[in-house]
Amino acid sequence: MAPDATTTPKEKAYRKLNTSKLLRDTMTLHILSTKQASQQGRLAWVTSGFPVEIPVAFDVTAAYPEQYGAIVGSEKCGPLLCGFAEELGFSQELCSYARSSIGSVKNPQQSPLTGLPTPQALLACNNICGTVLSWYEAVSEMTGAPVYLVDMPPLEGDQPSHHLSYVKSKLEGLIEFLSQTFNQDYDEEKLIQVAELSNEAVSLWTRALEACRHKPTPLNCADRFLSMAPIVALRGTQQAISFYQAFLAEVQDRVKNNVGAIVDEKVRLLWDNIPPWFTIYNFFNTLAKKGVSFPADSYTHAWSANIPRGEILESIAKVYSNVYLNKGLTAKIDKMCSLIKDYDLEGFVLFSVRSCKRYSLGQMVTKEEITRRTGVPGVIIEGDMVDSQQYNEAQVETRVEALLEMIV
Amino acid sequence: MVQMSTPLTYDALIAARHQEVQELIAAEHGLIGYIYPHAPLELFLAHDFTPILLWAEPKIPSAYEASLQTFCCAYSRNLFSQRSKEHMPPLNAILFPGGTCDSLQNLGDVWRARFPDDTVLRLTYPVANDDMAVTYLAEELRDLSNHLEVILGKRFVMELYQKAVALIAEFKAAAQFIAVARIIRPSIYPYFEYARLIRKFLTAPSLNSLTEIESVATHLQNELRKEQCLPTTEALRHGLLAGHIPDQIEIQSTDEPRIMIIGGMVDSEGVAFHFDNAKANADLEDLEIAFDLLSFTYRTTFTKAPNLHFDPFTEMAQSILSAPAEATQEGLPSRLTFLRRVFEKLKIDGLIICEQSFCDPDQFEVPDTLKLAEQKKVLSVRVPLDPEFSDRARLEGRIQSFLETLTAR
Ligand code: SF4
Ligand code: SF4
């Protein structure tokens with residue numbers, strides 16, 4: 001069937017989730033708690049792939065600069081904040097999450113939410129990219145907060161024992177660092193409890209993602225990107241579980257009643273990479289009007305591994321080392337091919353994010369390989385997730401149109 | 001007497017590298033190409049392969065567009081284009097580093113996909129240098145050694161390893177000495193020649209290239225002995241090897257400003273070549289670079305040699321991880337502390353910051369470096385460059401006006 005604009009002007013092409021209010025409230029409370037934690041000297045800035053269960057077990061509140069970058073992008077002030085970092089000498093060629101974060105530290109008064117509250121520690125894990133270390137070291141120079149790096153060297157295939165021992169030693173080092181920085185003893189029982197809470201939230205989230213195999217999909221891309229906030233920021237807490245219980249119930253309800261995230265689903269696509277935050281609604285909703293949905297993406301599925309039972313630090317070392325971003329191109333292609341198959345998708349859009357070399361370099365090979373393996377066509381669109389100056393809307397539209405023409 | 005080479009064009013520099021490699025090929029050496037500076041040279045030699053440091057080709061037509069985006073670092077793009085255009089020497093294998101920077105990490109994957117007949121080796125580095133990091137890297141090196149035996153059919157030979165350790169250690173000792181002699185008295189030997197000798201050895205490590213650099217080091221030793229500067233020079237060399245500058249080091253003030261170059265994987269020989277052109281244009285022939293903190297010169301050569309009495313893999317790992325000031329590693333605060341000390345103790349007046357296009361590690365480091373230079377009243381210039389030095393006129397013009405301002409101060 002040809003995708004066309006079949007909805008009437010008054011009827012919205014996409015359906016808002018009822019749990020969006022709960023999401024907003026949950027995240028607002030989280031923001032307030034980060035402010036309070038900072039005042040009490042117990043706030044850490046943490047990278048998205050960091051084994052956050054460990055600082056949480058130390059009663060340290062985590063704030064996520066990458067998530068803040070998403071807010072900056074959505075508020076359309078990426079160019080302004082990135083510009084502040086550029087005034088300090090940071091190149092325009094660097095990651096815009098890093099630049100906007102550095103810009104907000106420099107000029108909090110001109111930043112959304114007056115920036116993230118001042119951290120007492122900067123916790124980086126390089127299982128997502130190498131940039132995070134340089135970024136956090138730069139922030140450390142500005143704020144005086146010390147950096148702890150959990151080094152997880154990239155893996156090729158299975159994790160060898162020396163890799164596991166090394167990562168475990170880094171986690172032990174983290175425990176020592178947190179004990180000293182926050183003047184608190186390590187409590188292994190508490191860490192096990194936090195890991196269980198984390199697993200529960202991850203399971204709920206994963207079930208919601210998997211429900212998108214249903215036709216029509218109960219969640220579109222923007223829904224998932226917005227509602228992943230608690231799985232990133234509140235893993236290991238009861239708040240995350242409470243939110244995802246309600247969220248999953250709504251998703252299941254949609255499935256049961258055959259209510260799609262978009263009104264008239266005709267084409268199902270895969271999305272790859274972070275979204276362009278400054279135009280997230282516009283991008284996905286414009287396509288929704290044409291009957292195009294995105295039941296799966298490679299990004300929000302990154303938080304879907306449970307910490308297995310067993311020696312806790314070893315289990316954490318295994319799970320976080322094996323995130324597929326840390327496992328090279330083949331693992332990523334495998335993952336995307338299985339999403340296409342499992343979610344019955346007809347094409348894919350790879351967003352080449354200029355900021356993010358680790359996630360984006362290799363997409364040309366990825367595109368060819370996915371089509372070769374699955375037979376479905378794909379397209380690469382270019383831009384950035386925060387810096388709207390690097391995004392050419394007309395060019396993006398033309399490319400996506402070309403893909404849709406191939407599909408129908 | 002120190003031999004000075006005739007001035008060359010930049011193309012001639014590159015041609016000389018090709019010549020070195022051609023000689024290896026003619027002598028039927030097995031070749032392993034590497035990109036990241038801290039490769040285990042001793043390990044390759046122990047497996048009877050010659051490691052060659054690959055370089056960016058200035059005149060290569062771009063041929064990466066169907067495989068890599070423009071925001072991949074320019075150095076990686078150039079290497080990829082060379083391979084696509086079949087411009088690389090015939091290599092038995094190519095070594096990609098893991099865990100150093102995002103561009104190279106992904107380039108290795110793309111390379112494998114695009115050139116499936118190439119033997120792509122991977123050595124993944126830890127971003128730390130504690131005991132556990134040494135253990136980890138030692139195991140990675142052991143795996144790499146097994147790989148070389150299984151895939152390329154040449155086993156690790158202890159005798160070759162011992163010879164390799166001696167060869168590399170002597171090369172590094174000579175390079176260290178020249179670097180330090182030049183810090184004490186920059187005019188004692190041209191920076192360009194220093195960079196050329198190091199590049200020559202790394203392009204094709206051999207007894208011949210060792211002899212050349214050693215004879216220069218010996219000559220400089222004699223000079224400094226006559227001037228009674230030898231103890232200071234040695235103290236500084238040992239200090240730098242241990243990562244610090246001893247208190248007793250006192251650099252004599254001179255009329256000429258003392259210039260330092262900092263940056264990552266930039267071609268030191270190429271930078272020196274353009275610096276020399278810039279100073280000639282400015283009519284400042286006597287100016288010399290006093291010190292560099294570049295990856296392919298200082299950071300490669302100021303590392304500890306493996307100790308032959310202990311496990312080779314642990315020793316090689318320790319040697320690699322002792323590389324100083326590498327921005328792909330953890331530790332910005334210690335790098336800045338070292339830099340502050342360099343500015344103060346080595347009496348640096350001017351700083352040239354080389355910033356390679358789309359190189360995250362380099363580019364993240366620049367603002368704090370600039371800030372420190374300003375605090376220490378060191379005049380600095382930021383020189384954006386690509387590995388082909390494609391905009392030579394602009395590059396040289398920028399350095400020239402920097403040198404003119406510096407000397408006017
Ligand atoms: S480089 Fe990519 S993975 Fe790393 S912080 Fe930036 S956007 Fe995230
Ligand atoms: S130049 Fe920079 S980005 Fe490129 S390979 Fe070297 S360290 Fe990586």
Side-chain angles (χ1 to χ4, degrees), chain A residues 85 88-95 98 102 124 126 129-131 133-138 140-142 146-147 149 151-156 160-163 165-170 172-173 328-330 332-333 352-366 368-369 380 382, chain B residues 65-73 76 98-103 105-110 112-114 122 124-128 130-133 135-140 142-143 327-333 335-336 355 357-371 382 384:
Chain A
L88 290 172
F90 290 93
S91 165
Q92 214 186 20
E93 293 172 359
L94 292 167
C95 166
I102 290 167
N126 53 1
C129 68
T131 293
L133 173 63
S134 311
W135 168 9
Y136 278 35
E137 285 190 327
S140 174
E141 289 296 317
M142 298 170 85
V147 180
L149 173 73
D151 184 20
M152 291 191 187
L155 283 168
E156 303 222 307
S161 59
H162 66 271
H163 188 286
S165 313
Y166 175 61
V167 173
K168 206 178 144 196
S169 77
K170 290 285 150 193
E172 286 159 356
L329 203 54
T330 313
K332 195 177 164 203
I333 293 172
S352 169
V353 176
R354 188 186 154 87
S355 270
C356 186
K357 297 172 179 77
R358 185 67 167 269
Y359 219 105
S360 307
L361 294 177
Q363 280 173 321
M364 282 145 168
V365 170
T366 305
E368 289 169 26
E369 186 59 14
I380 298 178
E382 283 150 21
Chain B
E65 291 82 351
S67 303
L68 294 167
Q69 292 97 319
T70 47
F71 52 82
C72 180
C73 89
S76 301
T100 58
C101 67
D102 295 331
S103 281
Q105 181 68 37
N106 290 30
L107 179 68
D109 287 346
V110 173
R112 274 192 178 132
R114 289 297 196 231
R122 182 80 86 170
T124 299
Y125 295 73
V127 187
D130 53 23
D131 289 351
M132 284 304 289
T135 307
Y136 166 81
L137 186 57
E139 290 311 309
E140 286 287 303
R142 214 182 295 277
D143 286 353
T328 48
Q329 291 280 325
E330 192 177 18
L332 177 63
R335 289 197 289 278
L336 291 174
E355 198 180 355
S357 168
F358 284 104
C359 171
D360 292 353
D362 275 12
Q363 291 178 334
F364 264 112
E365 208 94 341
V366 171
D368 286 308
T369 305
L370 283 169
K371 205 164 109 193
R382 196 170 173 170

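Looking at A:Ala98, only its side chain comes within 4.5 Å of chain B, counting heavy atoms on both sides. Using a 4.5 Å cut-off between heavy atoms, B:Ser357 touches chain A through backbone and side chain atoms alike. Interface remark: B:Gln69 contributes backbone and side-chain atoms alike to the contact with chain A (heavy atom separation under 4.5 Å). For A:Val353, the part lying under 4.5 angstrom from a heavy atom of chain B is the backbone only. Using a 4.5 Å cut-off between heavy atoms, A:Ser165 touches chain B through backbone and side chain atoms alike. Contacts between A:Leu361 and chain B at a heavy-atom distance below 4.5 Å involve backbone atoms as well as side-chain atoms. Looking at A:Gln92, neither its backbone nor its side chain comes within 4.5 Å of chain B, counting heavy atoms on both sides. Heavy atoms of B:Arg335 lying under 4.5 Å from chain A belong exclusively to its side chain. Using a 4.5 Å cut-off between heavy atoms, B:Leu107 makes no contact with chain A at all.
Heavy-atom pairs under 4.5 Å with chain A peak, among B:Cys73, B:Gly98, B:Pro126, at B:Pro126. For the set B:Lys371, B:Glu355, B:Arg382, B:Glu365, the count of heavy-atom pairs under 4.5 angstrom toward chain A peaks at B:Arg382. Of all the listed residues (B:Cys101, B:Pro333, B:Ser76, B:Ala138), the one sharing the greatest number of non-hydrogen pairs under 4.5 Å with chain A is B:Pro333. Heavy-atom pairs under 4.5 Å with chain B peak, among A:Leu155, A:Leu149, A:Ile380, A:Leu88, at A:Leu149. When each of B:Val366, B:Thr135, B:Asp368, B:Leu370 is scored by its heavy-atom pairs under 4.5 Å with chain A, the top score falls to B:Asp368. Comparing B:Cys72, B:Ala113, B:Cys359 by heavy-atom pairs within less than 4.5 Å of chain A, the highest count is held by B:Cys72.
Residues B:Asp360 and A:Leu94 are in side-chain contact: their nearest non-hydrogen atoms beyond the backbone lie under 4.5 Å apart. Inter-residue side-chain proximity for A:Ser360 and B:Phe71 is flagged as met; some heavy-atom pair is nearer than 4.5 Å. B:Asp143 is listed as a side-chain neighbour of A:His162, based on a closest heavy-atom distance under 4.5 Å. For the pair A:Arg358/B:Ser103, no side-chain contact is recorded, criterion being any heavy-atom separation below 4.5 Å from C-beta on.
One side chain, B:Asp102 or A:Thr131, offers a donor N or O that lies under 3.5 Å from an acceptor on the other.
The backbone N or O of A:Lys357 lies less than 3.5 Å from a partner atom in the side chain of B:Asn106, making a donor-acceptor pair. Side-chain N or O atoms of A:Glu93 include one that pairs as donor or acceptor with a backbone N or O of B:Phe358 at under 3.5 Å.
Here the shortest heavy-atom pairing between B:Ala128 and A:Asp151 reads N-OD2, 4.3 Å. When every heavy atom of A:Glu137 is checked against every heavy atom of B:Gly331, the shortest pair comes out as OE2-N, 2.7 Å. Nearest heavy-atom pair, A:Met364 versus B:Ala66, reported as atom, atom and distance to 0.1 Å: CB-O, 3.5 Å. Across all their heavy atoms, A:Leu133 and B:Glu330 have their closest contact at CD2-CA, 3.7 Å.
Remark: A:Lys170 engages B:Asp130 in a salt bridge, criterion side-chain N to carboxylate O under 4.0 Å.
Note that the CH2 atom of A:Trp135 and the CZ atom of B:Phe364 stand 8.0 Å from one another [nearest 0.5 Å].
Using bins of under 30°, 30° to 60° and over 60° for the plane-to-plane angle, the ring pair B:Tyr136/A:His163 lands in the perpendicular bin.
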